[in-house]
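Down below is the structure, laid out as structure tokens.
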Amino acid sequence: QVQLVESGGGLVQPGGSLRLSCAASGSIFSIGAMGWGRQAPGKERELVASIDTGGSTNYREFAKGRFTISRDNAKNTVYLQINSLEPEDTAVYYCHAAIKRRWGDRYLEHWGQGTLVTVSS
């Protein structure tokens, strides 16, 4: 079994910063690309950013400039630094990872349970 556990969410004032973390654990042979998505109240989930095993990153247009994704392969952990937070960033943030559980398996996408980020004064 594979688990992705996010942490670092909370209530923050506009203009503040947060660093979200997501650690993968369990029966893992290899992890491919990792990333973050978010779902704001009343909206569909959207992708935010992704990072491959070599550190190459991709950001949605809205995430460029204020969001920074990084990973620590030794810790099976992906991070999302968010600066200059805006009320519109209020959402549940989910991490995802492509995980191979055994040699010869294909990569399957796994998602965490999410961490709530609330931006409000």
Side-chain angles (χ1 to χ4, degrees):
Q1 197 161 352
V2 171
Q3 279 191 315
L4 295 177
V5 179
E6 300 97 335
S7 61
L11 174 64
V12 62
Q13 292 188 342
S17 298
L18 277 179
R19 189 192 194 206
L20 306 180
S21 301
C22 172
S25 63
S27 178
I28 297 172
F29 175 79
S30 175
I31 301 179
M34 305 180 80
W36 291 89
R38 69 181 186 181
Q39 186 166 16
K43 296 187 177 181
E44 293 187 354
R45 188 178 300 188
E46 60 181 353
L47 298 178
V48 175
S50 64
I51 183 169
D52 68 16
T53 55
S56 294
T57 57
N58 275 292
Y59 295 90
R60 294 289 304 279
E61 195 62 35
F62 71 82
K64 293 179 180 178
R66 295 190 299 116
F67 293 69
T68 302
I69 189 170
S70 60
R71 66 190 284 172
D72 185 333
N73 292 330
K75 296 181 179 180
N76 290 344
T77 299
V78 63
Y79 306 95
L80 186 69
Q81 176 74 37
I82 314 173
N83 299 325
S84 302
L85 278 154
E86 304 169 351
E88 293 72 25
D89 295 319
T90 294
V92 177
Y93 285 73
Y94 300 89
C95 70
H96 59 92
I99 294 175
K100 183 184 292 190
R101 295 184 60 186
R102 289 176 293 273
W103 183 87
D105 284 355
R106 60 189 178 96
Y107 284 100
L108 294 178
E109 199 72 13
H110 295 263
W111 287 81
Q113 294 299 305
T115 184
L116 177 62
V117 172
T118 303
V119 184
S120 176
S121 55

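When reading the values below, keep in mind they use all heavy atoms of this one structure, side chains included, and skip hydrogens, waters and symmetry mates.
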> Minimum heavy-atom separation for Met34 to Asn76, with atom names?
Replying inline: CE-O, 4.0 Å
> Which atoms form the tightest heavy-atom contact between Ala91 and Leu116, and what is the distance?
Replying inline: O-CD1, 3.6 Å
Can you tell me how far the [atom1] atom of [X] sits from the [atom2] atom of [Y], to the nearest 0.5 Å?
X      : Y      : atom1 : atom2 : result
Glu44  : Gln39  : CD    : CD    : 8.0 Å
His110 : Gln3   : NE2   : CD    : 11.5 Å
Ile69  : Ile82  : CD1   : CD1   : 10.5 Å
Leu4   : Gln113 : CG    : CD    : 9.5 Å
Cys95  : Glu6   : SG    : CD    : 4.0 Å

>> Quick check on Glu109: does its CD atom have over 12 non-hydrogen neighbours (other residues, nucleotides or ligands) under 6.0 Å away?
In response: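 Buried by this count: over 12 neighbours within 6.0 Å.
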>> A side-chain contact here means heavy atoms from C-beta on lying under 4.5 Å apart; do Phe67 and Arg60 qualify?
In response: no
>> Is there a side-chain contact between Thr68 and Tyr79 in this structure, where contact means two heavy atoms from C-beta onward sitting under 4.5 Å apart?
In response: no
Indicate, with yes or no, if [Y] and [X] share a hydrophobic cluster defined by side-chain heavy-atom contacts under 4.5 Å among Ile, Leu, Val, Met, Phe, Trp and Tyr.
X     : Y     : result
Trp36 : Phe62 : yes
Tyr93 : Tyr59 : yes
Leu85 : Tyr94 : no

Please list every donor-acceptor pair under 3.5 Å in which a side-chain atom of residues 9-31 meets a protein atom from a residue at least two apart or in another chain.
| residue | atom | partner | partner atom | Å |
| --- | --- | --- | --- | --- |
| Ser17 | OG | Asn83 | OD1 | 3.1 |
| Ser30 | OG | Tyr107 | OH | 2.7 |

Under 3.5 Å, sequence neighbours excluded: what are the donor-acceptor pairs made by side chains of residues 45-58?
| residue | atom | partner | partner atom | Å |
| --- | --- | --- | --- | --- |
| Glu46 | OE2 | Arg38 | NE | 2.8 |
| Glu46 | OE2 | Arg38 | NH2 | 3.3 |
| Asp52 | OD1 | Gly54 | N | 2.9 |
| Asp52 | OD1 | Gly55 | N | 2.9 |
| Asp52 | OD1 | Ser56 | N | 2.8 |

